[in-house]
Peer 1: 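I am attaching a structure below and will ask some questions about it afterwards.
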Amino acid sequence: MSVVYSRRLKKELHEIQIEQADPAKRAAGIQLLQAEDLKTWYFSLEVLGESLYKNEIFHLMVRFDTEYPFKSPAVQFVVSDKVKPPVHPHVYTNGHICASILGDDWSPTLSVMAICITIQSMLASCKKKELPEGNDDYVRTAPDNPKKTRFIYHDDTV
């Protein structure tokens, strides 16, 4: 295990736990659900205020490898019998998210909470609930890990 990876994730987890214990510091609509190790964390995500996703709660899974923070984590919405991903032009029905912050625009200065806030903002600014073009074909052939997909980032207006 990389020393940078381990130290950075322990620091981020500690900061998240401190924030979540204090409602005044807590990021509104984002809750750490599970972080039993430094490999996979789960969050609930809710878009607050008036939006297409009002009163809907989604779950994110964040998977880290030892190249974090130099490489982005694998982030996707959880899909199960109990939770579904949002219907959004950048979210596939298998939970994969097409967002440049998770690919070409990743920076080691970004944190897990910055990712959650960015995805929350992406949902809040959505104008129309619709699936991405080619959703069915993508889901049928997609790898389990969304980082193995080479997304083309061309539309940040939804």
Side-chain angles (χ1 to χ4, degrees), residues 1-2 4-13 15-16 19 27-35 37-48 51-53 56-80 83-158:
M1 181 182 311
S2 161
V4 174
Y5 156 86
S6 175
R7 186 176 299 149
R8 170 71 178 265
L9 283 176
K10 286 178 183 176
K11 179 180 184 276
E12 285 193 47
L13 181 57
E15 289 172 356
I16 290 168
E19 288 174 7
I30 300 169
Q31 180 74 38
L32 177 66
L33 299 174
Q34 181 181 338
D37 56 38
L38 297 181
K39 295 188 182 297
T40 306
W41 296 355
Y42 293 90
F43 292 86
S44 68
L45 187 74
E46 181 179 8
V47 180
L48 303 177
S51 81
L52 296 175
Y53 303 98
E56 295 182 57
I57 297 175
F58 307 103
H59 291 183
L60 279 178
M61 177 174 61
V62 182
R63 292 181 286 176
F64 305 95
D65 63 27
T66 56
E67 294 186 73
Y68 183 81
F70 303 108
K71 302 271 183 166
S72 67
V75 181
Q76 65 192 89
F77 283 99
V78 175
V79 179
S80 72
V83 293
K84 301 293 181 213
V87 175
H88 185 281
H90 293 294
V91 179
Y92 293 87
T93 54
N94 64 353
H96 289 195
I97 304 164
C98 179
S100 61
I101 189 176
L102 302 175
D104 294 348
D105 290 341
W106 174 255
S107 168
T109 61
L110 295 171
S111 67
V112 175
M113 286 306 290
I115 294 168
C116 291
I117 291 167
T118 298
I119 293 171
Q120 187 182 45
S121 175
M122 178 184 84
L123 295 176
S125 65
C126 185
K127 306 276 187 270
K128 182 178 180 185
K129 284 187 174 184
E130 62 185 0
L131 294 175
E133 186 176 322
N135 176 77
D136 293 344
D137 289 337
Y138 173 76
V139 170
R140 189 172 34 260
T141 62
D144 177 53
N145 185 336
K147 287 184 65 169
K148 294 181 178 178
T149 298
R150 182 73 180 125
F151 288 111
I152 298 171
Y153 311 108
H154 57 81
D155 181 14
D156 62 358
T157 61
V158 291

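Residue indices begin at 1 and follow the sequence shown.
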Peer 1: Contact between Ile115 and Pro73 at the side-chain level, heavy atoms closer than 4.5 Å - yes or no?
Peer 2: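 A side-chain contact under 4.5 Å exists here.
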
Peer 1: Quick one: sort the Phe64 and Tyr68 rings into parallel, tilted or perpendicular, breaks at 30° and 60°.
Peer 2: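 The arrangement is perpendicular - the two ring planes meet at more than 60°.
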
Peer 1: Calculate, to the nearest 0.5 Å, the distance between atoms CE and CD1 belonging to Met113 and Ile30 respectively.
Peer 2: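 Rounded to the nearest 0.5 Å, the CE-CD1 separation comes to 4.0 Å.
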
Peer 1: Going from NZ on Lys11 to OG on Ser6, what distance comes out if it is rounded to the nearest 0.5 angstrom?
Peer 2: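 Lys11 atom NZ to Ser6 atom OG measures 13.5 Å (nearest 0.5 Å).
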
Peer 1: side-chain contact (heavy atoms from CB on, under 4.5 Å), that's the test. Do Leu52 and His88 meet it? Break it down for me.
Peer 2: CA-CA 10 Å; Leu52 296 175; His88 185 281; over 6 Å; no

Peer 1: So how far is it from Ser51 OG to Lys129 NZ, rounded to the nearest 0.5 Å?
Peer 2: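 Output value for this atom pair is 8.0 Å.
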
Peer 1: For the atom pair CG (Leu38) and OG (Ser2), what is the distance rounded to the nearest 0.5 Å?
Peer 2: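 Between Leu38 CG and Ser2 OG, I get 11.0 Å after rounding to 0.5 Å.
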
Peer 1: Can you name the salt bridge (charged side-chain N to carboxylate O under 4.0 Å, His left out) partners of Arg7, sequence neighbours left out?
Peer 2: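 Applying salt bridge (charged side-chain N to carboxylate O under 4.0 Å, His left out) to Arg7 gives none.
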
Peer 1: Run the ring-ring contact (aromatic ring centres under 6.0 Å, His included) test against Tyr53 and tell me which residues pass, sequence neighbours left out.
Peer 2: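 Checked Tyr53 against ring-ring contact (aromatic ring centres under 6.0 Å, His included); matches are Phe58.
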
Peer 1: For a 4.5 angstrom cut-off between non-hydrogen side-chain atoms, does Leu60 reach Phe77?
Peer 2: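 SC-SC contact between Leu60 and Phe77 confirmed.
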
Peer 1: A side-chain contact here means heavy atoms from C-beta on lying under 4.5 Å apart; do Gln31 and Ile57 qualify?
Peer 2: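 SC-SC contact between Gln31 and Ile57 ruled out.
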
Peer 1: Just by distance, do the side chain of Asn135 and the backbone of Thr93 share a donor-acceptor pair under 3.5 Å?
Peer 2: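 Side chain of Asn135 to backbone of Thr93, a donor-acceptor pair under 3.5 Å: yes, one is there.
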
Peer 1: Nearest 0.5 Å, please: how far is NE2 in His90 from CD1 in Ile119?
Peer 2: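 It is 12.0 Å, given to the nearest 0.5 Å.
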
Peer 1: Ignoring hydrogens and angles, tell me if any N or O in the side chain of Ser72 forms a donor-acceptor pair with the backbone of Leu102 under 3.5 Å.
Peer 2: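 Looks like yes, one N/O pair under 3.5 Å.
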
Peer 1: For Asp144 and His96, work out which heavy atoms get closest and say how close.
Peer 2: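 Smallest interatomic distance, heavy atoms only, reads O-NE2, 3.4 Å.
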
Peer 1: Classify the ring geometry between Tyr92 and Tyr138 as parallel (under 30°), tilted (30 to 60°) or perpendicular (over 60°).
Peer 2: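 Geometry flag for Tyr138 against Tyr92: tilted rings.
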
Peer 1: Rounded to the nearest 0.5 Å, what separation is found between the CD atom of Glu15 and the OG atom of Ser111?
Peer 2: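 So the CD of Glu15 and the OG of Ser111 are separated by 8.0 Å.
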
Peer 1: Looking only at non-hydrogen atoms, find the nearest pair between Asn145 and Arg63 and report the distance.
Peer 2: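 The answer is CA-NH2, 3.6 Å.
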
Peer 1: Quick one: does Glu19's side chain get under 4.5 Å of Leu32's, heavy atoms only?
Peer 2: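 Sidechains of Leu32 and Glu19: no contact.
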
Peer 1: Tell me the closest heavy-atom pair linking Asp105 and Leu110, and the distance in Å.
Peer 2: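 Here Asp105 and Leu110 meet closest at O-CD1, 4.2 Å.
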
Peer 1: Side chains of Pro89 and Cys126, heavy atoms from C-beta outward: is any pair under 4.5 Å?
Peer 2: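 A side-chain contact exists here, since the closest heavy-atom pair is under 4.5 Å.
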
Peer 1: Compare every heavy atom of Gly95 with every heavy atom of Val79, then report the nearest pair and how far apart it is.
Peer 2: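 Closest heavy-atom pair between Val79 and Gly95: CG2-N, 3.7 Å.
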
Peer 1: Any side-chain heavy atom of Thr40 within less than 4.5 Å of one from Met61?
Peer 2: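 The answer is yes, as the side chains (C-beta and beyond) meet within the 4.5 Å cut-off.
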
Peer 1: Give every residue pair that meets the side-chain hydrogen bond (donor to acceptor under 3.5 Å, both in side chains) criterion with at least one member in residues 115-124, sequence neighbours excluded.
Peer 2: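 Those involving residues 115-124 do not exist here.
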
Peer 1: Measuring only between side-chain heavy atoms, which start at C-beta, is Leu123 closer than 4.5 Å to Leu45?
Peer 2: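 A side-chain contact exists here, since the closest heavy-atom pair is under 4.5 Å.
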
Peer 1: If every non-hydrogen atom of Val91 is compared with every non-hydrogen atom of Pro132, which pair is closest and at what distance?
Peer 2: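 Between these two residues, the closest heavy atoms are O-CD, 3.2 Å.
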
Peer 1: Over all heavy atoms of both residues, which pair between Trp106 and Pro69 is shortest? Give the atoms and the distance, please.
Peer 2: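 In this case the closest contact between Trp106 and Pro69 is NE1-O, 2.9 Å.
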
